[in-house]
Amino acid sequence: MSKVMTINSGSSSLKFKLYEMPEENVICSGNLERIGSPDGIFTIKYNGNKDVTEPVLENHAVAAKLLVEALVNKGIIKSFDEIGAIGHRIVQGGKYFKESAMFNKDTESKIESLIPLAPLHNAAHLTCFRAFKEVLPNCPAIATFDTAFHQTMEPEDYVFPIPYELTEKYDIRRYGAHGTSHKYLSIEAEKYLHDTKSKKIISCHIGSGASITAIKDGKCIATSMGLTPLGGIMMGTRTGDMDPSVFNYVCTVTGKSAEEVYQMFNKKSGYLGVSQLSNDSRDILDAVEKGNKLAKLANDIFVRRIADYIGQYFVRLGGADLIIFSAGIGENEPRTRASVCDAIGEALGVEIDKELNSTIHGKECLISTKNSRIKVVVIPTDEEVMIARDAYRMCIKESK
Ligand code: ADP
């Protein structure tokens, strides 16, 4: 019996799950929100209870202490020592990390050196790691990187065609994101590939942030996000790939600074920017059904970008055995899945059971028909369990 805590921190939030490993049972989960402002929210779910309180969360150290003390006070654990390991999700691992790493001085300084590539995320992750180190000084911790799974790409897939000295000097390249999710999905998908010689998967993690990854024999071949999560397919508020000159032209015609336009492309574009309505797929698709033209345009672009990437990766992989839909939209939105499969259907011989598809929300299901040349499956993703598995293996099992 070993308990492992996973932590997913942002600049003002901290999501957690406590697992019993190796059984992978979730003992409790929840989050601490609005860290740094006077009106914090602490939500914890355990044993069928959901407790919500409104403590002042001055900083991450206060939040971490409150969380660990709550676990004891609520009788979820008897003492702090019961937590055998902590796994922290880290957004940017740069060129350094091909897999999860034990947290030590070297790991810390590498994550710190990558802050310019993920300013909000990596800085918050480190603050959070240090906060837990203070509360649980003897508990080993690991870092699991969103970028690690994508480190198997070849240079043709990760080098951008800019002057090469910049690539070398500043490590400018495609790092991708959502790697922990794509890896989880490729492992979960193995059961659908027993009858195929090759194992070629196109994994579509489509939520507010969205990325598509080509996976061959368990390894990432190509992924849609780029240097940062701004690249790839269109998203809730991000542009995805565009002609780079749009950036310069928008600066010129609006008089906005590069930073302002960068923020616009990250936070005010995508679904939200085109529809002028919402970044949420539910609002967009409801508006489409009511005849809203800009919502329809936003949705049509969204679907086409996904279909284009699937086509690109079909070629890149030399065919495909399985297409996976996952994350908020991929798991819950049958209309988007149906539109994407319609768009690729003729070229790739993909056919889904539309009636079955319309009933699938947030659960695993094979939705393609027997006639489909590529299997299509919905798989709910679980990044936390991947982090918990690594934390258990590296800190508990291998140290026994
Ligand atoms: P992220 O983790 O990138 O913030 P999510 O994976 O949570 O994003 O996905 C958010 C998107 O998923 C939103 O566009 C939302 O509309 C959609 N979504 C989430 N839940 C549902 C649902 N139950 N039905 C339809 N769409 C959903």
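Atoms within each ligand, like the ligands themselves, are counted from 1 in listed order. One-based numbering along the sequence shown.
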Any salt bridge between E112 and R130, counting N to O under 4.0 Å? yes
Between K110 and D106, is the closest basic N to carboxylate O distance under 4.0 Å? yes
Those atoms of ligand 1 less than 4.0 Å from some heavy atom in G207: 5 (P), 6 (O), 8 (O), 9 (O)
Minimum-distance protein heavy atom relative to [atom]:
atom                    : result
atom 4 (O) of ligand 1  : S208 CB, 3.6 Å
atom 14 (O) of ligand 1 : S281 N, 3.1 Å
atom 16 (O) of ligand 1 : D280 OD1, 2.4 Å
atom 26 (N) of ligand 1 : R282 CG, 3.6 Å

From the candidates [options], the one that places a heavy atom nearest [atom]:
atom                    : options                : value
atom 22 (C) of ligand 1 : N332, T381, T336, I329 : N332
atom 27 (C) of ligand 1 : G236, G330, G328, G362 : G328
atom 3 (O) of ligand 1  : P334, A327, G209, A210 : G209

For the residue pair H178 and H205, does the interplanar ring angle fall in the parallel (under 30°), tilted (30 to 60°) or perpendicular (over 60°) class? parallel
Measure centre to centre between the rings of H88 and F129, then say whether the value is under 6.0 Å. yes
Do side-chain atoms of R316 reach the backbone of A222 as a donor and acceptor pair under 3.5 angstrom? no
Polar side-chain atom of N299 near backbone of A295 as donor-acceptor pair, under 3.5 Å: no
